[in-house]
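Some notes on the structure that comes next.
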Amino acid sequence: MSTETVNLFLAFLTLGGVAALAVATTAAIVAAATGARARMMTELGPYGLAMAFFVAVTAVAGSLYYSEVADFEPCRLCWLQRYCMYPAALVLGLSFRWAWLRFVAFGLAVVGLGVSIYHRLEQQFPDDIGGSCALDNPCSGRWVDTFGVITIPTMAGVAFALILLFVLLAHVADNRGDAA
Amino acid sequence: MTQPGTQPSNGGRSLGPLIIGGVVFFLVLALVAAFALTGGGDDETTGSGNDGSTSSGSTSGGNGQTAEVTITGQALSPMPNTVQVTDASNDESVGTVAPTLTGVDFNGETVTIGPGGGPKVVMFLAHWCPHCQRELPVAAQLLADGKVPDDVEVYAVSTAVMPDRGNLPSSWFADESWNEPVLLDDASSSALSAYGGGGFPYVVYLDSEHRVLTRTAGEFGADVLEGLWEALAGK
């Protein structure tokens, strides 16, 4: 499988993630207005952790593919996002056994999302006039640029946002279950 | 804690299998689409653009984005990767004769950057560098507006090519309406090394005898570029 194929596959997943985030946001607004929240939480909540774990594992796999197979050298900001995503995947796996660990994953995803947004902005708006690109590996460089917008930090940012969404969903659903 | 797969308490039909099925369907669809749209084959080139070709005297490669370059003469001293405009006080290469570069452009036409003709601007640009992506259209507009002295020749060298990073040089220069000669560096960026390349964009200003007048590393914008180009007139 070529790197171009993987880029496109992961770009499609990213677009799917964006669509999921948009649908979830819309659904939350509609649910709040119509009182359908209880059913949505009951239906989706039990799968929240599993979906968050799946997203994290997919992100880790993509990250390892790019560095170990495609030989894309991670930049400094890429490493910071890795420091958040890799433990988040592990913690989410363990949170099936120890539910409180979901809060650790949530925290890691918040930090990771912040770094992803900063990294993406660095790519979109590099230093003003007077900046330069290093010969080696600038954070503003783009190893992947699918559809002119989906770069590696874009993918990571969507993954972190999805993890936040799914962990939140699982937590709210559990709270409702406990209250009942 | 609610367990995955638990039936909803409100007696409605569970969405769980639907969600799982939808995710799996989407994954398969994305994979099939990615294969269909790209051919799915193994990479011809991967990683840092090292596609098997070497420096001057080697075969060409990089999907037509790099090519053999012949370098004649003494290499310039390496320039540090900091934004700067050099002069004789801080650049030992000022006053020395730059190497002659002979290679081809995207159409396979021979391009030579060497002694003879007028003063020269030699711009080393990397297609993946956002600063180069902003500087190239600025330079192209200055040229289109006639802001370069008549005797000054402007060359671009497409270097540090990494095909996996997108924005391929051949389409990039065409998209930016760059009408001046473009020399393709080889996969090892030999031309850049011979000219002592610093941070991108990297520009070497040469007099008519091919001696270095000044070098710049970094993005400077229209005003600085125009000033440097005007200063070359009659050199």
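A, B, ... follow the sequence lines: proteins, then strands. Residue 1 opens every chain. Both backbone and side-chain heavy atoms feed into the values below; hydrogens, waters and symmetry mates do not.
- Proximity to chain A (any heavy atom under 4.5 Å) is shown, for B/A33, by both the backbone and the side chain.
- Crowding of A/Y118 atom OH: a count of heavy atoms from other residues, nucleotides or ligands under 6.0 Å not exceeding 12.
- Proximity of A/F12 to B/L29: side-chain heavy atoms (C-beta onward) are nowhere separated by under 4.5 Å.
- Environment of CG in B/D223: sparse, with no more than 12 heavy atoms of neighbouring residues, nucleotides or ligands closer than 6.0 Å.
- There is no contact between B/V224 and chain A, counting heavy-atom distances below 4.5 Å.
- Contact annotation for A/F54: only side-chain heavy atoms (C-beta onward) come within less than 4.5 Å of a heavy atom of chain B.
- Contact of the A/L13 side chain with the B/L27 side chain is registered, since non-hydrogen atoms from C-beta on lie closer than 4.5 Å.
- The side-chain heavy atoms of B/F35 and A/L8, taken from C-beta on, include no pair separated by under 4.5 Å.
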